[in-house]
Amino acid sequence: MEKATGFMKALKCRECGREYPLTANHVCEFDFGPLEVVYDYDRIKIALTREVIQSRPKSMWRYRELLPIAHEPTVGREVGFTPLIKADRLARRFGIRELWIKNDTVNYPTLSFKDRVVSVALSRARELGFTTVACASTGNLANSVAANAAAAGLKAYVFIPSDLEQGKIVNSLVYGATVVAIKGHYDEVNRLCAEIAGKYQWAFVNVNMRPYYAEGSKSMGFEILEQSGWKIPKHTVVPMASGSLLTKIHKSYQEAAKLGLVSEAKYHIHGAQPTGCSPISVAQKAGLDFFKPVKPNTIAKSLAIGTPADGFYALKVMKETNGHADDVSDDLIRQGIKDLAECEGIFCETAGGVTVAVAKKLIASGRIPTNDSAVLCITGNGLKTLDAVVGHVGETREIRPSLREFEGLLEAENRSVNA
Ligand SMILES: *Cc1c(COP(=O)(O)O)cnc(C)c1O
Ligand SMILES: [Zn+2]
């Protein structure tokens with residue numbers, strides 16, 4: 001009897017098109033091209049209508065036919081369907097007609113968009129019979145693998161660069177995962193993990209499970225479409241580390257149009273990076289199809305990938321959609337975090353600061369016209385990267401518990417406002 005594969009057909013090489021069985025495998029043995037999941041869209045079109053989607057619980061799994069699992073999800077059933085916020089005050093500050101915030105700072109359970117990719121990778125890993133899971137991470141992935149593995153009763157090894165923020169490290173350790181801190185940057189962590197994955201029978205979510213893992217990012221795009229009233233937004237600004245999320249937002253818009261869930265429309269996907277690690281945006285701005293690897297040096301550690309695995313494909317998506325990339329300094333990243341917090345009451349991590357600050361730049365330069373509407377993908381929570389903003393967000397006013405002292409403080413404040 002044939003093994004059930006749900007709505008998946010095969011893994012397929014993005015370069016030569018050769019097909020492979022749906023196992024834990026990520027690379028073509030002929031040309032080392034990345035493998036991608038292929039679906040049976042004819043069957044999906046019959047099964048998945050707007051009405052079916054809207055009748056389901058509010059999680060990322062309401063689009064399950066377009067996610068790479070054979071059976072019902074067993075890990076992270078509550079992940080996703082985060083709010084899409086109309087950001088009027090931020091729009092006014094940036095001088096644009098309409099801004100929307102896709103707010104994955106409140107994703108479940110570990111407060112970043114990585115819960116989307118991990119719930120898919122671990123559900124699929126279980127289907128394939130794995131009992132140990134692992135990842136190479138810039139922080140949020142480690143948090144999510146550790147938490148979701150704990151809840152699923154899977155053993156977890158997470159590998160991180162040793163210089164990560166305390167918040168990211170504690171958020172992995174607390175779940176009981178084995179946290180391996182490598183003295184090196186992410187690209188070295190990743191290289192080691194590729195070696196380990198070749199030797200041990202573990203499901204490495206972003207190595208041998210990468211084709212399944214990466215598809216989880218599409219759910220952010222499907223939610224944006226549904227929450228926009230089944231319309232493709234004119235502009236979407238996406239942070240880039242490996243570049244995977246950006247390519248999958250694009251894929252989600254394409255799939256939804258192909259299935260008739262939204263009508264075809266012209267749209268632009270823009271990419272955001274920190275200047276201290278901007279191989280993709282530097283290449284995009286120079287009009288190149290290929291990036292040059294860099295050594296990261298930025299406060300946006302979650303985006304610090306100097307050799308982005310999907311950089312080439314991210315450049316292609318921006319070219320195809322007439323999108324732009326840009327990058328911003330550490331100071332502008334902090335300002336971006338403050339802009340979003342002060343205008344909308346949302347505290348994002350450094351990657352969110354990158355996205356907000358790049359959006360501001362693209363609006364100011366006219367690349368996002370001020371009479372248009374844009375969605376910003378805010379991917380992680382500020383409580384995990386406090387180190388980056390401590391000392392930059394003002395200071396507490398300390399007084400003794402006395403009304404007189406408080407009134408003195410108010411007077412001083414009024415004097416400085418009127419001065
Ligand atoms: C991982 C991550 C991203 C982007 O990841 P890609 O590798 O480009 O898919 C964006 N924001 C945050 C907070 C992340 O943790
Ligand atoms: Zn190939």
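Model, not experiment: these values are computed from the prediction. First listed ligand is number 1; within each ligand, the first listed atom is number 1.
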Note to self: Once rounded to the nearest 0.5 Å, what's the spacing between atom NZ of Lys218 and atom CG of Leu67?
What the structure shows: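 Reported to 0.5 Å precision, the distance equals 6.0 Å.
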Which ligand 1 atoms does [X] reach within 4.0 Å, using its non-hydrogen atoms?
X      : result
Ser244 : 6 (P), 8 (O), 9 (O)
Glu349 : 13 (C)
Gly243 : 6 (P), 7 (O), 8 (O)

Short N or O distance, [X] and ligand 1, threshold 3.5 Å exclusive:
X      : value
Asn140 : yes
Pro239 : no
Ser242 : yes

Check: Arg334 side chain to Gly353 main-chain N or O, any donor-acceptor pair under 3.5 Å?
Finding: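 No: the side chain of Arg334 does not pair with the backbone of Gly353.
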Notebook entry, point to check: Below 4.0 Å from any atom of ligand 1, is there a heavy atom belonging to Ser112?
Noted result: no
Checklist line | Within-shell test, Leu303 vs ligand 1, heavy atom, strictly < 4.0 Å | finding: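 Yes.
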Using distance alone, with no hydrogens and no angle criterion, decide if [X] and [Y] have a side-chain donor and acceptor under 3.5 Å apart.
X      : Y      : result
Thr321 : Tyr253 : no
Asn103 : Thr82  : no
Glu255 : Tyr63  : no
Lys384 : Asn171 : no

Next item on the list: Kindly state whether the ring of Phe291 and the ring of Phe312 have centres lying under 6.0 angstrom apart.
Entry: no
What's the shortest distance from [atom] to any protein heavy atom, and which residue and atom give it?
atom                    : result
atom 2 (C) of ligand 1  : Lys114 NZ, 2.4 Å
atom 12 (C) of ligand 1 : Thr379 OG1, 3.3 Å
atom 9 (O) of ligand 1  : Leu245 N, 2.8 Å
atom 5 (O) of ligand 1  : Ala241 CB, 3.7 Å

Below 3.5 Å, can you tabulate the donor-acceptor pairs from side chains in residues 368-376 to any protein atom, sequence neighbours excluded?
from, atom 1, to, atom 2, distance (Å)
Asp372, OD2, Lys234, NZ, 3.4
Asp372, OD2, His235, NE2, 2.8
Ser373, OG, Glu98, OE1, 3.2

Margin query: For the residue pair Lys258 and Tyr41, would you count it as a cation-pi contact if the rule is NZ or CZ under 6.0 angstrom from the ring centre and within 45 degrees of the ring axis?
Written below: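 Checked: cation-pi criterion met.
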Item checked: the Zn ion (ligand 2) neighbourhood, protein N/O/S only, threshold under 2.8 Å -> Cys13 SG, Cys16 SG, Cys28 SG, Asp31 OD1, Asp31 OD2
Note to self: Which residue in the set Leu11, Val205, Val117 passes side-chain contact (heavy atoms from CB on, under 4.5 Å) when paired with Tyr212?
What the structure shows: Leu11
Check: Going through the checks in order, is the side-chain hydrogen bond (donor to acceptor under 3.5 Å, both in side chains) test met by Thr110 and Asn143?
Finding: CA-CA 6 Å; Thr110 65; Asn143 297 171; 5.7 Å; no
Next item on the list: Determine, stepwise, if the pair Gln335 / Asp339 fulfils side-chain hydrogen bond (donor to acceptor under 3.5 Å, both in side chains).
Entry: CA-CA 6 Å; Gln335 185 55 48; Asp339 282 335; 3.0 Å; yes
